[in-house]
Amino acid sequence: MIKIFTIIRQSLSSQKLIDTIIIAVCSFIILFMGIQLLSMEYGRDQGVFSTVADILAHNGSLYKDAWDLKPPGIYYVYYFAECIWGDTMLSIRLLELPALLSMLIAFIILSGRYINDWRPGLIAATFVMITTIEIGFWNTAQTETFGGICIIWGLVAAGSGQNGIFRLITWICFMIAGLFFTWSAFFKPTFCFTFIIGIFYSYFIISEPKKLSEFAIKKISFIGSAYVIGALIIIAINMIPLMISGSIHYAVDIYMNFLPEYISLSFQESSFLDNVILFFVRWPGIIKFIILPGLAIFLFIPGKNQKEIEGLMLFAGIILIILLTIILQGKFFEYHYNALIYMTLLISLWGYCKSLKYIKFKSPVIIFILLLYAFYFPRYELAAMSKRISGLLHPQNRIELNDKLYSIYDVNMETNRFVAHWIKCNTKAEDAIYIWGFESIIYDLSDRKPASRYIFNLAQRVNWTNDPARKELMRELQQTMPAVIVVVKNDRHFHITGNNKDSLETLFEFAALHNFIEQYYRYHFTKEDLDVYLLKDPVIE
């Protein structure tokens, strides 16, 4: 009997069994969180992106026919998802999920490369999935989500070209790195600096440490040509459609006239030092409990080899760029941290797993790491997970549950869905509508086209573009004569508009639009914060 217990104890302590448990637990968590992600609906930003994607799907042009602030990448991702899976809220999740899962492969490659252990990569990828659900629907499928994934794959490609500078495979790896780093900038422009970090790193890895200056011109030409070709490919993919459609002028106007003031808006109330403090204060709190100790362990634990130092320096450069991006932007929304969380999670897990070398009883520590997130998982998100599962198991209750799940801040999903359904039932498919406010999701829910390129009214509410933007809006509305106009109330966002007025209060100051509605429309009903006006036309009755 004693011998049997001895065999069992030896089996339970074997590394193979531990690895099997890690893989099984991580696989279950990833599968469960993936199901949660697929059941998520849109937040405000996703509603904007989807509306733009729908305009593109109907032969519209980005920026020219749909005004928004983001680079082209995010709209093309939504457009691509819609082309494959149709105009539903599930489409972008079916694209976001495999994109996130691809980091499982990337993290395992990076972990094997820099610390010679694949386990931290698997666990870090699992924590990425947990974190994605934890930060909620509002902060997923964002520009930083896809931009961060591009950076991760850029790092994989940049470090893969170590087979000699004259080998084709090395050049191709560097070209792919240039492509991914450039692609990340088409989601977040400041991510373009990762391109420079990648070039320096690639130069370092194909040079012996004591011979960095030898054949410098040849090496730089080799690396630079690869990176530039990769960059040109992604630039062409993103910019050629804008050139063909004549949208470049509109894009330049947004980036040259609107964005500089919009970004500097935050600095009217805070200094750079204030923003540094806010950066750490606003960093999603729960996530810090898992990331920061692991980072500290990896940074200060002794015994780093050359590869670990190389990986740490590479990631430090990328993290610094992302960190400065958030601080300088000065708007500390949770999704702004997405790319940073991906990077720091991986290094944090390197620290945790490296600490196991100094611990005799490894199994309990591994289990502790896996359960650490579950312990800190917010109760409100556990309740949301429960409702999403209930909605999947009971389809008849799904809409009611979703209306509660996806109503947040000043957004009432039940109200948006009600008004969108009413519009769909009381207008023709070819009719245009106009939303005076930030509820662009109504266009998507009602399956009706916007009457103006201004799919939300930010340009008319900020003080540096409101005059020309209002004139252009009026020209478009007078030409289109939307069948329905919806006026939004209580959408006050000082950090976005620079004032505390909502859309209704701004409407009273916008005499041209106010008089236009008074002359050609009649008030029909109010639902929560939405006032609905009908065109004075008996056909719509």
Side-chain angles (χ1 to χ4, degrees), residues 44 47-48 51 66-69 254 257-258 261-262 265-266 268-269 407-416 418-420 422-423 426-427 431-443 445-446 448-537 540:
R44 175 174 285 139
V48 172
T51 298
W67 188 95
D68 195 19
L69 314 177
I254 291 172
N257 297 325
F258 186 88
E261 292 290 335
Y262 178 72
L265 183 64
S266 300
Q268 296 175 10
E269 297 293 328
S407 296
I408 186 173
Y409 308 129
D410 59 310
V411 174
N412 188 317
M413 194 62 180
E414 179 185 5
T415 299
N416 287 340
F418 177 89
V419 171
W422 184 90
I423 290 172
N426 291 274
T427 61
D431 283 339
I433 64 172
Y434 180 66
I435 314 298
W436 174 251
F438 285 159
E439 301 303 328
S440 303
I441 195 171
I442 295 175
Y443 295 120
L445 292 171
S446 65
R448 295 295 181 266
K449 62 184 179 182
S452 167
R453 64 185 284 254
Y454 292 103
I455 56 177
F456 57 100
N457 63 356
L458 176 60
Q460 288 78 27
R461 291 171 67 176
V462 296
N463 59 20
W464 63 90
T465 61
N466 58 17
D467 187 50
R470 289 179 180 185
K471 290 178 181 177
E472 185 177 0
L473 172 64
M474 290 311 304
R475 285 196 300 269
E476 293 176 344
L477 293 182
Q478 288 165 355
Q479 181 179 357
T480 309
M481 296 302 294
V484 173
I485 292 180
V486 178
V487 177
V488 183
K489 296 177 287 191
N490 296 320
D491 55 345
R492 296 180 177 88
H493 303 286
F494 175 81
H495 56 286
I496 295 176
T497 62
N499 60 67
N500 287 315
K501 298 171 184 175
D502 67 3
S503 290
L504 180 61
E505 291 165 338
T506 307
L507 176 63
F508 292 134
E509 298 177 349
F510 186 1
L513 179 58
H514 185 265
N515 294 336
F516 177 77
I517 294 174
E518 287 283 320
Q519 182 176 356
Y520 296 106
Y521 292 81
R522 60 182 176 84
Y523 169 80
H524 195 65
F525 70 91
T526 294
K527 176 69 174 177
E528 192 74 20
D529 287 336
L530 304 181
D531 294 338
V532 178
Y533 294 84
L534 269 174
L535 184 65
K536 294 177 181 177
D537 186 338
I540 301 180

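- Heavy-atom minimum distance, Leu504 versus Val487: CD1-CG1, 3.9 Å.
- The aromatic rings of His495 and His493 sit perpendicular to each other, their planes meeting at more than 60°, with 30° as the lower class boundary.
- Between Trp464 and Tyr262, the ring planes lie tilted relative to each other; the angle falls in the 30° to 60° range.
- At a threshold of 4.5 Å between non-hydrogen side-chain atoms, the residues Lys527 and Val486 do not count as touching.
- Each of Lys489, Arg492, Arg44 was compared with Asp410 under the side-chain hydrogen bond (donor to acceptor under 3.5 Å, both in side chains) criterion, and only Arg44 meets it.
- The side-chain contact (heavy atoms from CB on, under 4.5 Å) search around Lys501 returns Asn499, Glu505, Thr506, Glu509, not counting sequence neighbours.
- In this structure a side-chain-to-backbone donor-acceptor pair under 3.5 Å is present from Trp436 to Ser503.
- Side-chain contact between Val488 and Leu530 is present, with at least one heavy-atom pair separated by less than 4.5 Å.
- Screening Ile442, Thr51, Val484 against Ile435 for a side-chain contact (heavy atoms from CB on, under 4.5 Å) leaves a single residue, Ile442.
- In this structure a side-chain-to-backbone donor-acceptor pair under 3.5 Å is missing from Thr465 to Phe258.
- Put simply, the side chain of Thr526 never gets that close to the backbone of Asp531: no donor and acceptor are under 3.5 Å apart.
- Residues satisfying the ring-ring contact (aromatic ring centres under 6.0 Å, His included) test with Tyr533, not counting sequence neighbours, are Tyr523.
- Ring geometry for Phe516 against Tyr521 counts as tilted: the plane angle lies between 30° and 60°, on a 0 to 90° scale.
- Considering only residues two or more places apart in sequence or on other chains, Asp68 meets the salt bridge (Lys or Arg N to Asp or Glu O under 4.0 Å) condition with none of them.
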Steps toward side chain to side chain contact (heavy atoms under 4.5 Å, CB included) verdict (Asn457, Tyr434): CA-CA 10 Å; Asn457 63 356; Tyr434 180 66; 4.3 Å; yes
For residues 472-479, run the donor-acceptor check on the side chains, cut-off 3.5 Å, and write out each pair with its distance to 0.1 Å, sequence neighbours left out.
unit_1 : atom_1 : unit_2 : atom_2 : d
Glu472 : OE1    : Arg453 : NH1    : 3.3
Glu472 : OE1    : Tyr454 : OH     : 2.8
Glu472 : OE2    : Arg453 : NH1    : 3.0
Glu476 : OE1    : Ser452 : OG     : 2.3
Glu476 : OE1    : Arg453 : N      : 3.1

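- Heavy-atom minimum distance, Pro482 versus Ala451: CB-CB, 3.6 Å.
- Expressed to the nearest 0.5 Å, how far CG of Asp502 lies from CG of Leu507 amounts to 9.5 Å.
- Across all non-hydrogen atoms, the minimal contact from Gln460 to Ala469 is NE2-O, 3.2 Å.
- Contact annotation: the side chain of Trp67 approaches that of Leu458 to within less than 4.5 Å [non-hydrogen atoms, C-beta and beyond].
- Put simply, the side chain of Arg470 does not reach to within 4.5 Å of the side chain of Leu513, judged on heavy atoms.
- Distance check, rounded to the nearest 0.5 Å: CD1 of Ile485 to OH of Tyr520 gives 11.5 Å.
- The shortest distance between side-chain heavy atoms of Phe525 and Leu534 does not fall below 4.5 Å.
- Both tests hold for Arg461 against Phe438: distance to the six-membered ring centre under 6.0 Å, angle to the ring axis within 45°.
- With a 4.5 Å cut-off on side-chain heavy atoms, Trp422 and His524 count as touching.
- Here the CZ atom belonging to Arg448 is positioned 8.0 Å from the CD1 atom belonging to Ile433, to the nearest 0.5 angstrom.
- Residues passing the side chain to side chain donor-acceptor pair (under 3.5 Å) test with Asn515: none are found, sequence neighbours excluded.
- Asp529 meets the salt bridge (Lys or Arg N to Asp or Glu O under 4.0 Å) test with no other residue; sequence neighbours excluded.
- Within the 4.5 Å cutoff, the side chain of Glu261 has no heavy atoms near those of the Val462 side chain.
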